[in-house]
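Here the structure is laid out as structure tokens; the discussion comes afterwards.
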Amino acid sequence: MTSSVPPSPRANARPLTDEEVDRIRNDFPILAQQVNGHPLNYLDSGATSQNPLSVMEAEQEFYEQRNAAVHRGAHTLAFGATETFEAARTTVAAFIGARDDEVVWTSNATEAVNLVAYSFSNASLGLGGAAARRFRLGAGDEIVVTEMEHHANLIPWQQLALRTGATLRFIPVLDDGTLDLAAAAGVVGPRTRVLAFTHASNVVGTVNPVDELVALARSVGALVLLDACQSVPHMPVDVAALDVDFAVFSGHKMLGPTGIGVLFGKYELLADMPPFLTGGSMITTVDMHTAEFLAPPQRFEAGTQRISQAIALAAAVDYLTETGMERIAAREAELGQRLVTGLTDIPGVRLLGPPLGVERIGLASFDLAGVHAHDVGQYLDEAGIAVRIGHHCAQPLHRRLGVTASTRASTYLYTTTDEVDQFLATLREVAPFFGVHS
Amino acid sequence: MTNSAMQQLYQQIILDHAKSRHGASPDELPPLAEAAAAADARGLHLTESHQVNTTCGDEVTVRMGVRADPDRADGDADGDAVIDELVWRGDGCSISMASASVLSDSVRGTTVAESRALLDTFREMLRSRGTIEPDEEVLGDAAAFGGVSRYPARVKCAMLAWVAFEAALLGP
Ligand SMILES: Cc1ncc(COP(=O)(O)O)c(C=O)c1O
């Protein structure tokens, strides 16, 4: 199965070569280990990615040389820490085509979605005054998501609807796992206030047409939140060019540490939004009954921040930028198609999502007839292959596709072609081992 | 790859039970209230529990009809009650489905006290990380889950139906 892979749909850049990937792997010590007597074959970067040495060194260097509270002290160390912390913001902002003051640090993407939802919720209670009126939701208003969302971009909106009396609606998914765009025009309408959807699916791997959905939202005056968790790590993303109002992603999926995520918001929106978490570091003047808040992004960063994590995330971004996001995307598009080619060739495998040739990130989920995903995962694990099993935090999508659980293989810039092939070869053994014959 | 480790885990008995699923209901279980009334007419107390493994979404419902011991000898009256009927319905991996099947075979017709003792032995073996050699005399087919104890992440799968059974015993 070497020559049967078609050219990737994302053919505008030269993919990373196998030799380059081999060199990249030297920067990721964790990948060199043996698992159950086999070389680790880590195909779970969609859940969390591994960290290169430079990221771990950046974190260590911070604690060894610079650790101090940011935005709080006047001593030299605190000043240096603040500078490094803010430089990290600049690096991440530039990476996604945003202004520095449009990048808000959060713990992860989940918190970023909650921040927006709770800010709207607070606005609906009257907080933020007249300026925040545009974020108020109530009975008759509609929030639209899609049927393919990760729970992180679904449940915060369900809860917001419950708190405000707004109605949650969704753009359905077709049998092939793509969005039903024809139906979208009927779901998004004059009552729609927010449209929240994922850029790339963490289950079916497809890349949604942001332009089309943003245009639809604009036509009815709705705000757009993009879940960029599976896109920002794997392809060039320019939030300004995409013209989304908000975007969220997590550092741990893009070579960074856990505990750090990003909310991008257009400045003029952030400037009118009431805060979610409140306390120290986000205020100007305080008396016993009232407080005035800082401008964004500090308004949304209450309490002592994730300083070393932000700095390490900037190191991760530097690593990605030096490697080249276009080239990473081209490489992963190739691996994604290679996965699809191999999977559809294995008896009993049902690929979730569209067939060969449709743009996808380096990720594929599937069902193996007669063998539960947990058993598939166990068999692969015994061979050192780490995949994700279960519903991947997307129960409604799995239900829509008629399965309760699936197995997912996902790649990153350090994934070798041989690893994909070893995974496919091992998967071929699974059904016979469990006595399932098709 | 060499499959010996996998064969230790997935013993043939487990694969067979996962397919044959003794005691599994092919259809949705009828509503509990309705079934309870019918069981009452047969002199059985109906009780059930639904358990989900949140890691992977496996789920099982165990429903059973317990017959009180007519003699009600002194001592543990409850313990002498007999598990007359047991039916389950679930969806999950081969280990969780096989263990539900084995549960059904093992406890049907036993007294509550006997089934509790079996449950304790089964659980102790599963939690032993491979240090307890399962006693086939005591455990019967359940001894085949000995290999699971070396895979701590799978112990929950093997326990799922048994936890449902335990919860149903304690039930309202
Ligand atoms: C598409 C998508 N959205 C949201 C999330 C949530 O990310 P986190 O758990 O880091 O907040 C994930 C990852 O799990 C994801 O894949």
Side-chain angles (χ1 to χ4, degrees), chain A residues 34-41 44 47 151 203 365 367-399 401-408 422-437, chain B residues 1-21 24 28 50-61 88-101 126 129-130 144-161:
Chain A
Q34 302 274 308
V35 168
N36 297 323
H38 301 269
L40 168 63
N41 180 350
D44 198 19
H151 296 161
V203 177
S365 302
D367 177 52
L368 178 60
V371 188
H372 191 274
H374 212 160
D375 298 322
V376 175
Q378 188 78 55
Y379 192 93
L380 296 172
D381 184 53
E382 200 59 37
I385 305 166
V387 294
R388 177 80 185 265
I389 55 112
H391 50 60
H392 324 314
C393 298
Q395 285 184 24
L397 178 57
H398 276 81
R399 206 167 292 123
L401 298 176
V403 290
T404 46
S406 67
T407 308
R408 178 183 76 187
Q422 186 227 351
F423 154 72
L424 292 166
T426 309
L427 181 61
R428 223 171 241 290
E429 300 170 4
V430 174
F433 175 83
F434 285 97
V436 175
H437 307 283
Chain B
M1 81 172 156
T2 73
N3 278 331
S4 58
M6 285 292 90
Q7 272 148 5
Q8 277 299 309
L9 175 62
Y10 292 108
Q11 295 185 24
Q12 196 56 45
I13 297 176
I14 294 183
L15 296 183
D16 290 346
H17 270 284
K19 283 215 182 74
S20 51
R21 301 192 179 195
E28 291 286 339
H50 172 74
Q51 298 289 328
V52 178
N53 181 349
T54 48
T55 317
C56 54
D58 286 10
E59 56 184 312
V60 67
T61 301
W88 63 276
R89 187 164 163 77
D91 178 39
C93 66
S94 58
I95 292 175
S96 65
M97 295 299 100
S99 113
S101 174
L126 282 173
R129 299 203 172 220
F145 293 86
V148 177
S149 69
R150 291 196 179 79
Y151 293 82
R154 302 306 294 275
V155 169
K156 260 191 178 176
C157 308
M159 280 305 297
L160 191 65

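In what follows, chains carry the letters A, B, and so on, assigned in the order in which the sequence lines appear, proteins first and then strands, with residues in each chain numbered from 1.
In this structure, the side chain of B:Ser94 does not engage the main chain of B:Ala18 through any donor-acceptor pair within 3.5 Å.
In this structure, the portions of A:Gln378 lying under 4.5 Å from any heavy atom of chain B include both its backbone and its side chain. Heavy-atom distances place both the backbone and the side chain of B:Gln7 under 4.5 Å from chain A.
Among the candidates A:His374, A:His398, A:His392, A:Gln395, the residue making the largest number of heavy-atom pairs closer than 4.5 Å to chain B is A:His374.
By the side chain to side chain contact (heavy atoms under 4.5 Å, CB included) test, B:Thr61 is found to be paired with B:Leu29, B:Glu48, B:His50, residues two or more places apart in sequence or in another chain being considered. Remark: A:Gln422 pairs with A:Asn41, A:Ala383, A:Ile385, A:Thr426 by the side chain to side chain contact (heavy atoms under 4.5 Å, CB included) rule, at least two apart or across chains.
The aromatic rings of A:His391 and A:His151 sit tilted, their planes meeting at an angle between 30° and 60°.
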